[in-house]
Number of protein chains: 2
Amino acid sequence: MRIGELSRATGVPVPTIKYYLREGLLPQGELTSPNQASYGEPHVRRLRLIRALVEIAQVPVAQVKEILESLDSDAVPLHEQIGRAHRALTPRRKPTASDEAREAAAAQVTGVISSRGWSVEPEAPALTTLIETVAALRTLGQDNLVTFLDAYAEAVERFTELEIEAVSTNPTRDQLAESVVIGTILGETLISSLRLLAQESISANRWKKL
Amino acid sequence: MRIGELSRATGVPVPTIKYYLREGLLPQGELTSPNQASYGEPHVRRLRLIRALVEIAQVPVAQVKEILESLDSDAVPLHEQIGRAHRALTPRRKPTASDEAREAAAAQVTGVISSRGWSVEPEAPALTTLIETVAALRTLGQDNLVTFLDAYAEAVERFTELEIEAVSTNPTRDQLAESVVIGTILGETLISSLRLLAQESISANRWKKL
DNA sequence: CGTGATGGATAGTAGCAGTATCCATAAACG
DNA sequence: CGTTTATGGATACTGCTACTATCCATCACG
């Protein structure tokens, strides 16, 4: 398969494929002559994965690269794979909230975490995001939303278990790793859109005349 | 309050405030002389809201503008406010999946929606995202994740009800509208980070040695 | 052999979210 | 009152990201 066919098979423009090759997202094809390479089925699958992460989940290209690298080296423990997927989903945040607000939010968040019995390392990127978010909601006068944090956590735990269940059906470690990463990232988009749909239909009934 | 104090009160640099003023995100201050304006408490709150949407929820500035405009005009029905918030959360997507894949995904998705008894208009931005995502998961060989779609929908519905509940405690229509918009958008970040934390702790126990 | 694709390198682009600079005026301080 | 500092408003510039476009010296194919 040459680059043009790869392009036709996936719908990705040739220059874009070249760009991914340059950036190391897509492994080089096998050179049959100094300036002629051939690509195979793995390239097609890899390219589809890249596009799904970039287009559907809006993951930055640089992060996609990191994720793919860790998927390729089976030396990386599963736990670290998940960590990278998480980092891909949680952009670096410079603290927005005031110190007191963050202090208070952190207290509530750690309270919820321990009451749910979760074990979370204090470095987890999602932790700072959650704290910042709670602090922001408070600052914006949306305390009523925050009071339900515990209930949210419970509901969220429920479908997270479902996901882990679904992903665990994979036989090999490599497939498991890939599933975990894809599930973590595309699952985010999946749940987010389900939420919006649920919201639309519940709110439609509730506030028809407002 | 002059612009410097506004900046100190919110931690937002003066040039950035000027930028938001230019872009119409932040209403002009009251001019006390041809080149001197004064800002008030509403500006502080508005600025905090802008920053929360931009920094925490990563909403593009242009969308924030749209949302704020619809919040300001009480002529916009609540339902349309929600629509705008949803559009802020679902970037324009050009179709990625093949026609057959999308067809199949659409069938499953509408199945889930009707089995849950949701009423969703076919134009809903989240609907196309969901369909694309399901199609992508299938194409990537992650059917096991997709088979749980119904169960996900149920779990998601549960906490969406919680959110609607929380938001409904607002007395006035204006406050309700603001809460709905903030809740929709920051709630996304909130749930997303809760999910990642749950994932981390559940998966840590499950795959310790992989 | 001529036409068109290819690999590889380098340069250019569009959009986004600010930053930086200027300037004429106003405010605050000594 | 004079000097330093801040302000409103306009315009220009920057850094980053994700591509696109162009070139050119080969290949491949009919």
Report, one line per pair, each donor and acceptor closer than 3.5 Å where one atom sits in a side chain of residues 47-56 of chain A; sequence neighbours left out.
| from | atom 1 | to | atom 2 | distance (Å) |
| --- | --- | --- | --- | --- |
| R51(A) | NH2 | Y20(A) | OH | 2.8 |
| E55(A) | OE1 | T96(B) | OG1 | 3.0 |
| E55(A) | OE2 | K94(B) | NZ | 2.9 |

query = For M1(B) and dG8(D), what is the distance between atoms CE and P respectively, to the nearest whole Å?
reply = 12 Å

query = Nearest-Å distance, CZ (R92(A)) to P (dT17(D))?
reply = 13 Å

Give me, pair by pair, the N or O atoms of the protein and of nucleotides 23-30 of chain D that are less than 3.5 Å apart, along with how far apart they are.
| from | atom 1 | to | atom 2 | distance (Å) |
| --- | --- | --- | --- | --- |
| dT26(D) | O2 | N35(A) | ND2 | 3.1 |
| dC27(D) | OP1 | N35(A) | OD1 | 2.9 |

key: Donor-acceptor contact below 3.5 Å, side chain S168(A) vs main chain I164(A)   = yes

Show me the donor-acceptor pairs, under 3.5 Å and distance only, between side chains in residues 24-41 of chain B and residues at least two apart or in other chains.
| from | atom 1 | to | atom 2 | distance (Å) |
| --- | --- | --- | --- | --- |
| T32(B) | OG1 | Q36(B) | O | 3.2 |

DNA chain C-proximal residues of residues 3-14 of chain A, any heavy atom under 4.0 Å = I3(A), G4(A)

key: Between dT17(D) (P) and Q63(A) (CD): distance, integer Å   = 10 Å

remark   = Residue set satisfying side-chain contact (heavy atoms from CB on, under 4.5 Å) with A101(A), at least two apart, ordered chain then number -> A97(A), S98(A), A135(A), T139(A)

task = Hey, could you give me each pair passing salt bridge (Lys or Arg N to Asp or Glu O under 4.0 Å) that has a residue in residues 176-195 of chain A? Not counting sequence neighbours.
result = E188(A)-R195(B), R195(A)-E163(B), R195(A)-E188(B)

Donor-acceptor pairs under 3.5 Å, side chain of residues 145-152 of chain A to any protein atom, not counting sequence neighbours: which ones?
| from | atom 1 | to | atom 2 | distance (Å) |
| --- | --- | --- | --- | --- |
| T147(A) | OG1 | N144(A) | O | 2.7 |
| D150(A) | OD1 | S115(A) | OG | 3.4 |

inquiry  = Under the salt bridge (Lys or Arg N to Asp or Glu O under 4.0 Å) definition, can you give me all pairs with a residue in residues 79-90 of chain B, not counting sequence neighbours?
reply    = E80(B)-R84(B), E80(B)-R87(B)

ask   = Which salt bridge (Lys or Arg N to Asp or Glu O under 4.0 Å) pairs, counting each pair once, include a residue from residues 2-26 of chain A, with sequence neighbours left out?
value = none

query = Are OP1 or OP2 of dG7(C) and a side-chain N or O of Q28(A) less than 4.0 angstrom apart?
reply = no

message = Tell me which pairs pass side chain to side chain donor-acceptor pair (under 3.5 Å) where either residue lies in residues 62-76 of chain A, with sequence neighbours left out.
response = R46(A)-D72(A), S70(A)-Q81(A)

task = Return each pair, listed once, that meets salt bridge (Lys or Arg N to Asp or Glu O under 4.0 Å) where at least one residue sits in residues 129-139 of chain B; pairs must be two or more places apart or across chains.
result = R102(B)-E132(B), R138(B)-D143(B)

inquiry  = Rounded to whole Å, how long is the line connecting atom CG of L25(A) with atom P of dT17(D)?
reply    = 13 Å

task = Can you see which heavy atom on T133(A) is nearest to which on L186(B), and at what distance?
result = CG2-O, 3.7 Å

message = I need a per-nucleotide contact map over nucleotides 10-18 of chain C, read 5' to 3'. Cutoff is protein heavy atoms under 4.0 Å; write B for the base, S for backbone only, - otherwise.
response = B------BB

request  = Could you tell me whether L21(B) contacts a base, only the sugar-phosphate backbone, or nothing, with contacts defined as non-hydrogen atoms closer than 4.0 Å?
outcome  = nothing

key: Interatomic distance where CG belongs to L26(A) and P belongs to dC19(D) [whole Å]   = 13 Å

